[in-house]
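To keep things clear, I will list the structure first and then write my remarks on it.
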2 protein chains.
Amino acid sequence: MSVTLKDVAQAARVSVSTASRALTGTGLTSERTQQRLVRIARELGYRPNPIARGLKTGQSRLVALLVHNLTNASFQVMAEVVQARLKALGYQMLLCIGGDDPQQESDTLTTLVDHRIDGLIVVPTGKNGAQLKTLSKDVPIVCLVRRDDATDLETVLADDPQGAYLGTRHLIELGHKRIGLIVGRQDTTSGRERLSGYVRALREAGITRDDALIHAGHFEPETGATFARKLLDLPRPPSAIFVANHEATLGVLRVTAERNIAVPDDLSLLCYEDMPWFEWHRPAISIVDNGARDLANLAVDRLLHRMDARGNSKGNGNDGVREYRVGAKLIQRDSCRQIDGPAPAKPAKSKSSSSKSSAAKSAKV
Amino acid sequence: MSVTLKDVAQAARVSVSTASRALTGTGLTSERTQQRLVRIARELGYRPNPIARGLKTGQSRLVALLVHNLTNASFQVMAEVVQARLKALGYQMLLCIGGDDPQQESDTLTTLVDHRIDGLIVVPTGKNGAQLKTLSKDVPIVCLVRRDDATDLETVLADDPQGAYLGTRHLIELGHKRIGLIVGRQDTTSGRERLSGYVRALREAGITRDDALIHAGHFEPETGATFARKLLDLPRPPSAIFVANHEATLGVLRVTAERNIAVPDDLSLLCYEDMPWFEWHRPAISIVDNGARDLANLAVDRLLHRMDARGNSKGNGNDGVREYRVGAKLIQRDSCRQIDGPAPAKPAKSKSSSSKSSAAKSAKV
DNA sequence: CGATAGACTGCAAACGATTGCAGAAACGCT
DNA sequence: AGCGTTTCTGCAATCGTTTGCAGTCTATCG
């Protein structure tokens, strides 16, 4: 079907081994034959068979990325980044969609290792720690966005405590005192950390935490809508909602539309993680950006580092760091409004500017 | 590193060949040893090495999906569908992102064939026809969404002529006479076909085509914005815009926001292809749905059919059909409004209901 | 000029599976 | 019991590469 190494060797009247060495550049080969073989290989259109090579070397030049879905814009850009980076290095990306379902995750992991992937970047569900731990003996693994607490895998995380803190502080600086929080499940790292950032900002500002303003759970847009309604039905509804859960955003938006609540005039809205349409929306939606692109790039860096280390049997590539944090950034658009508060006009001019400066610098750690 | 067939054979005190036959079910094996081997294999946790198997059989159990990007919601759902279907059959999906760039497409295709993929679903750029044609001798290929005119590859297409026709007719039935069209490049199938559907609806309604209302090109949201401005700056601007190009939608939306143009009161807006947030947007955006889910499913069906045919050397799986069309569907939400026209109040009550019925039934062909 | 190191090259054995072919066992039949 | 079938099993080759080892050739040095 296609040109094999044997064909090239025959055409050049050398043995297969010489051909192999000349083309891979391993071993000693005379300059002359080397060049000749490269030329002949090109003429014949020889392309090495990665399967055969993989059988011998135990590598597949396949790297898998396992994410929950592709609806989440962060996962989209991560997938695009990972694919682009890997391609440049001659790897192919296997993109798998696990649906945040432990069973599916487990199945997929098995298949992937069967296929002898050279590396894996995974957004773990958190329920397959044992399996991941076992696999990590065979394959370099980097966790992304979420930590699996049952493992000690290297993990690239968004700086969620900082992000949530930044967002909440921004709202406080705008004069908001009652800030609703809609946040992810508390059995995920990000869910817990975003809550803690929110709480910290509140505490720093001397605002007492009101649990009626906090809703945490696993999300569909629909659930987001439910929680938004609960918040707005409160005797003293919040003047701002921090939607610190990506999936919930649509639901919240629907509720404001349904009830004819003007954003930001009646209610300020701050969301977490960007979506391509946020800046085109009216009003353009302010967000805390989790830095998806940076996260993906860092994850790839770390994975390559580990793969490299393993290849050279220089240990497992541990650099003593278990956890990398990528700074979050506040992106102000038009969905948050200054509250005049019970007191007279804008008393917070200086504060507001300080908010801006804090927003400008990304929170590197 | 992991359990091989040899290990299983040794444990069972049979030869590798017997073990192979017992576990794959090929060839004759006595009931008893068969069962015994299956049991032992399970006990040892044996998992066949697809690379070794692939070397021998020439198959990889890898199927590639090559799309332009993941930002486009249609591609997202297609990727999810394809992944789910393939996984159920024991295949792994290789998702590649070609950026609608011929060079990238070409490179990716080469890599994929190197990896001995068992099948390929591709959204072609249209510039690599020759290469695709060559590859199709080695690998079953199905084109999706776009046709590559230089090939005679089996292609699964949205019924764009019908979809554009349905959409335009809907607007006409609402009383619009001047309907702007923003549509994709005319060197793509979909671009041409959507234009032709638009033209047909106009002609049927006896409306003369006005080329000032038609803008075609390759899109970024930014270009969409530019075209929208041009339309709105016309001496006699349209009362409705049909954004028959997915990428342009955001730009158009921004322009309406910028200029404080109320949708649908000042301008009706009909878009092509759904996005998850369209129904949560305010106003919810009416669309012509291209049936991405159905498209993906059909493409997988056809690909499997071809792969099967090739496997059994029953020919190449041609069933004499070159082109499959998946019906488009009008989904009415709130972005299109009845025009009272120059004549007095709602004269079009019956028309409006007819429009609804036509919307309800999907346009199967 | 002969020995010897050094630079190349080729042979053949892997890698882990599948598979044609032939030998072995089991069975029925006369 | 002897023979022919049938049913099962094992040997060995194969897929396309890589790679340890041994052999060949050239050049250099004494």
Side-chain angles (χ1 to χ4, degrees), chain A residues 1-38 40-41 44-62 90 113-118 138 311-313, chain B residues 1-38 40-41 44-62 90 113-118 138 311-313:
Chain A
M1 175 154 118
S2 72
V3 187
T4 80
L5 192 54
K6 201 169 136 195
D7 300 329
V8 179
Q10 260 164 13
R13 313 195 154 282
V14 295
S15 71
V16 222
S17 11
T18 309
S20 169
R21 277 188 281 252
L23 295 178
T24 57
T26 35
L28 307 314
T29 323
S30 75
E31 193 83 0
R32 226 167 53 79
T33 47
Q34 152 108 10
Q35 307 236 327
R36 197 162 59 94
L37 275 163
V38 171
I40 295 187
L44 262 49
Y46 168 71
R47 319 219 75 236
N49 180 335
I51 300 203
R53 176 177 286 171
L55 180 57
K56 183 67 189 173
T57 62
Q59 314 219 303
S60 58
R61 307 230 51 123
L62 255 29
V113 183
D114 279 357
H115 275 282
R116 299 298 188 275
I117 49 169
D118 289 348
D138 291 344
N312 304 329
S313 53
Chain B
M1 175 156 119
S2 71
V3 186
T4 79
L5 192 53
K6 199 167 136 194
D7 300 330
V8 178
Q10 260 164 12
R13 314 195 154 281
V14 294
S15 71
V16 223
S17 13
T18 309
S20 170
R21 277 187 281 253
L23 294 177
T24 57
T26 35
L28 305 317
T29 324
S30 75
E31 191 82 0
R32 229 168 48 82
T33 46
Q34 152 107 10
Q35 307 236 327
R36 196 162 60 94
L37 276 164
V38 170
I40 295 186
L44 263 51
Y46 167 72
R47 319 220 75 236
N49 180 335
I51 299 201
R53 176 179 284 171
L55 179 57
K56 183 66 187 171
T57 62
Q59 315 219 300
S60 58
R61 307 228 55 122
L62 253 32
V113 183
D114 279 358
H115 273 283
R116 301 299 188 273
I117 49 168
D118 290 347
D138 292 344
N312 304 327
S313 55

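Proteins get letters first, then strands, A, B, ... in listed order; numbering begins at 1 in each. If you're wondering where the values come from, they're calculated on a predicted model, not measured in any experiment.
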Rounded to 10 degrees, the angle between the two terminal axes of the helix from dC1(C)-dG30(D) to dT30(C)-dA1(D), each from five pairs
60°
Hey, does the side chain of T33(B) come within less than 4.0 Å of dC8(D)'s phosphate (OP1/OP2), counting only N and O?
no
Without decimals, in angstroms, what is the distance between L23(A) CG and dT18(D) C1'?
12 Å
Using a cut-off of strictly less than 4.0 Å, decide whether T18(A) has a side-chain nitrogen or oxygen near OP1 or OP2 of dC8(C).
no
Whole angstrom value for the distance that separates C1' of dT17(D) from CZ of R47(A):
16 Å
Presence of donor-acceptor pair under 3.5 Å, side chain of R21(B) and base of dG10(D):
yes
Would you please confirm or rule out a distance under 4.0 Å between OP1 or OP2 of dG16(C) and any side-chain N or O of R53(B)?
no
Nearest to the side chain of K56(A), which nucleotide is it out of dG10(C), dT9(D), dG16(D)?
dG16(D)
Take atom OH of Y46(B) and atom C1' of dT18(C), then tell me their distance rounded to the nearest Å.
10 Å
Would you indicate which nucleotide in dT19(D), dT18(C), dG10(D) comes nearest to any side-chain atom of S15(B)?
dG10(D)
What is the distance, to the nearest angstrom, from the CZ atom on R36(A) to the C1' atom on dC8(C)?
13 Å
Go nucleotide by nucleotide along DNA chain C from the 5' end; which of Q34(A) and N49(B) gets its closest nucleotide reached first?
Q34(A)
Taking every non-hydrogen atom, the tightest pair across A41(B) and L23(B):
CB-CD2, 3.9 Å
Residue met sooner reading DNA chain D from 5', once L55(B) and V14(B) are mapped to nucleotides:
V14(B)
Any Y46(B) side-chain heavy atom under 4.5 Å of D7(B) side chain
no
Whether the side chain of S20(B) engages the backbone of V16(B) through a donor-acceptor N/O pair (distance < 3.5 Å, no angle test) should be reported.
no
Acceptor/donor pairs from residues 49-57 of chain B side chains to any protein atom, 3.5 angstrom cut, sequence neighbours excluded:
{"unit_1": "N49(B)", "atom_1": "OD1", "unit_2": "I51(B)", "atom_2": "N", "d": "2.7"}
{"unit_1": "N49(B)", "atom_1": "OD1", "unit_2": "A52(B)", "atom_2": "N", "d": "3.3"}
{"unit_1": "T57(B)", "atom_1": "OG1", "unit_2": "R53(B)", "atom_2": "O", "d": "2.9"}
{"unit_1": "T57(B)", "atom_1": "OG1", "unit_2": "Q59(B)", "atom_2": "N", "d": "3.3"}

Rounding to an integer number of Å, can you tell me how far R61(B) CZ sits from dG16(C) P?
21 Å
N/O donor-acceptor pair, side chain S17(A) with base dC11(C), under 3.5 angstrom
yes
Identify the heavy atoms of L37(B) and A22(B) that sit nearest to each other, and give their distance.
CD1-CB, 3.4 Å
Within this structure, what is the CD1-to-P distance between I51(A) and dT18(D), rounded to whole angstrom?
14 Å
Length of the CZ-P vector between R32(A) and dC25(D), whole Å:
16 Å
More 5' along DNA chain D: A19(B) or S20(A), using each one's nearest nucleotide?
A19(B)
Between atom CD in Q10(A) and atom P in dG16(D), what is the gap in whole Å?
12 Å
Using a 4.0 Å heavy-atom cut-off across all strands, classify P48(A) as base, sugar-phosphate, or nothing.
sugar-phosphate
Distance-only, no hydrogens or angles: does the R36(B) side chain make a donor-acceptor pair with backbone N or O of Q34(B) under 3.5 Å?
no
Which pair of non-hydrogen atoms, one from A19(A) and one from A9(A), has the smallest distance, and what is that distance?
CB-CB, 4.0 Å
Give me the atom names and distance for the closest heavy-atom approach of S60(A) to R116(A).
OG-O, 2.6 Å
